Trainee: 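Take this structure, written in structure tokens, and hold onto it; I'll ask about it next.
Because the structure is predicted, anything quoted here is derived from the model rather than measured. Lettering of chains follows the sequences in order, A, B, ..., and the numbering in each one begins at 1.
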2 protein chains.
Amino acid sequence: MPKTWAEDAQHRLREAGYRNGPVRIAVIELLDAENCCVSAADVHASLNERVGLASVYRVLESLHAAGLVRRVDVGDGIARYEPLRESGEHHHHLVCTECGKVEAFDDPALERAIRRVEAKSGYAVEQHDVVLQGACDTCR
Amino acid sequence: MPKTWAEDAQHRLREAGYRNGPVRIAVIELLDAENCCVSAADVHASLNERVGLASVYRVLESLHAAGLVRRVDVGDGIARYEPLRESGEHHHHLVCTECGKVEAFDDPALERAIRRVEAKSGYAVEQHDVVLQGACDTCR
DNA sequence: AGCTTGACGAGAATCGGTATCGTCAGCCGC
DNA sequence: GCGGCTGACGATACCGATTCTCGTCAAGCT
């Protein structure tokens, strides 16, 4: 791949009329380095809290509006974001009910089953999420 | 079935050391009459706001702790609850991104696929949720 | 009847997230 | 290069959902 997701994201946001300020670039780099979901608070902490929390939310919101990130909610009331890469592959999440850890998994058969449900639903489905909750192997 | 879910819930909560006060009974009856998910605010409104909102949350929390209800979060920041009936059947949710409507669906093939993923996960999975988001047929 | 303990309601507190506002800097045309 | 427009930024106020605290009350054991 010629371009990283970070470069692509900066480019597409610029085309959408946004300017790339230091906070935006930093957030994008951070997301690109992460493979699974991160919360706004995570980003804020990773940036050493030297940036305004509102700016972090703004950047994540603009990325979401541009379709560059996926918003994931695993049920704990905290929104998390993860980059939507060109490849189109995506994953779902296992949440430990004991320690709160979030892990990723993917499964082609599950995707096919969901695809079929989507087709039958009558909805123009844009996104689907599967969340499994339970005790992880270290917690039980 | 000899017992309704409401009777069973009251019985099991009593066994768990809770007492059945008027609010608890009212909330349980309300949930039993509902087939899909309701939020704490819905319950509060349905009870004519004559009860404390905190009491509604307390009852829902105790029902959840006893494994009598399922907590559903479709990503809008509002927790919803629905009764977990003996039969074991359950459904998942379609959320309209335009009007916020929540519908239920179920699909045996999807359940089987999830069951397989759970078995492979290494987690003691207690609950799984599938949420599809998109525009419903009336909104597009 | 007395005591313990949970249930209840009211309101304060918390927490994630959003909106507002004043300021600053990049980039445009001149 | 100089305004001026516009978006970026940080601080802070705000909002809505949920949880906590506390005083009071009543159920049910003894």
Trainee: Does the side chain of B:His128 come within less than 4.5 Å of B:Glu126's, by heavy atoms?
Mentor: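 No, too far: nothing below the 4.5 Å cut-off.
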
Trainee: What is the distance from CG of B:Asp76 to C1' of C:dT18, rounded to the nearest Å?
Mentor: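 Going from CG in B:Asp76 over to C1' in C:dT18 covers 16 Å.
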
Trainee: Could you give the OH-to-C1' distance, from A:Tyr18 to D:dT6, as a whole number of Å?
Mentor: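 Between C1' of D:dT6 and OH of A:Tyr18: 13 Å.
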
Trainee: Quick one: is B:Arg19 getting a side-chain N or O under 4.0 Å of the C:dT5 phosphate, OP1 or OP2?
Mentor: no

Trainee: Heavy atoms only, 4.0 Å cut-off, all strands: where does A:Ala79 land among base, sugar-phosphate and nothing?
Mentor: sugar-phosphate

Trainee: Within this structure, what is the CZ-to-C1' distance between A:Arg50 and D:dC9, rounded to whole angstrom?
Mentor: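 That distance rounds to 14 Å.
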
Trainee: Among C:dG16, C:dG9, D:dC9, which nucleotide has an atom closest to any side-chain atom of A:Tyr57?
Mentor: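 Nearest nucleotide to the side chain: C:dG16.
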
Trainee: When you measure from the side chain of A:Ala54, which nucleotide among D:dC22, D:dT12, D:dA8 comes out closest?
Mentor: D:dT12

Trainee: To the nearest Å, how far apart are B:Leu53 CG and C:dA7 P?
Mentor: 17 Å

Trainee: If you check the B:Arg14 side chain, which of D:dG10, D:dG28, C:dG9 turns out closest?
Mentor: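 Taking heavy atoms from C-beta onward, the closest nucleotide is D:dG28.
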
Trainee: For the pair made of CD in A:Glu61 and P in C:dA19, what is the distance, rounded to whole Å?
Mentor: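 It is 8 Å, rounded to the nearest whole Å.
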
Trainee: Just checking, any donor-acceptor pair under 3.5 angstrom between side chains of B:Asp129 and B:Gln127?
Mentor: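 B:Asp129 vs B:Gln127: donor-acceptor pair found between side chains.
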
Trainee: Please give, in whole Å, the distance from C:dG26 P to A:Arg24 CZ?
Mentor: 15 Å

Trainee: Just how far, in rounded Å, is C1' of D:dT18 from OH of B:Tyr81?
Mentor: 9 Å

Trainee: So, under a plain 3.5 Å distance rule, would you say the side chain of B:Arg58 forms a donor-acceptor pair with the base of C:dG9?
Mentor: yes

Trainee: A:Phe105 vs A:His92 aromatic rings, parallel, tilted or perpendicular, using cut-offs 30° and 60°?
Mentor: tilted

Trainee: When you measure from the side-chain N and O atoms of B:Ser55 to the phosphate of C:dA7, is any distance below 4.0 Å, counting only OP1 and OP2?
Mentor: no

Trainee: Tell me the interatomic distance from A:Arg80, atom CZ, to C:dG16, atom P, rounded to whole angstroms.
Mentor: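 Roughly 11 Å, once rounded to whole Å.
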
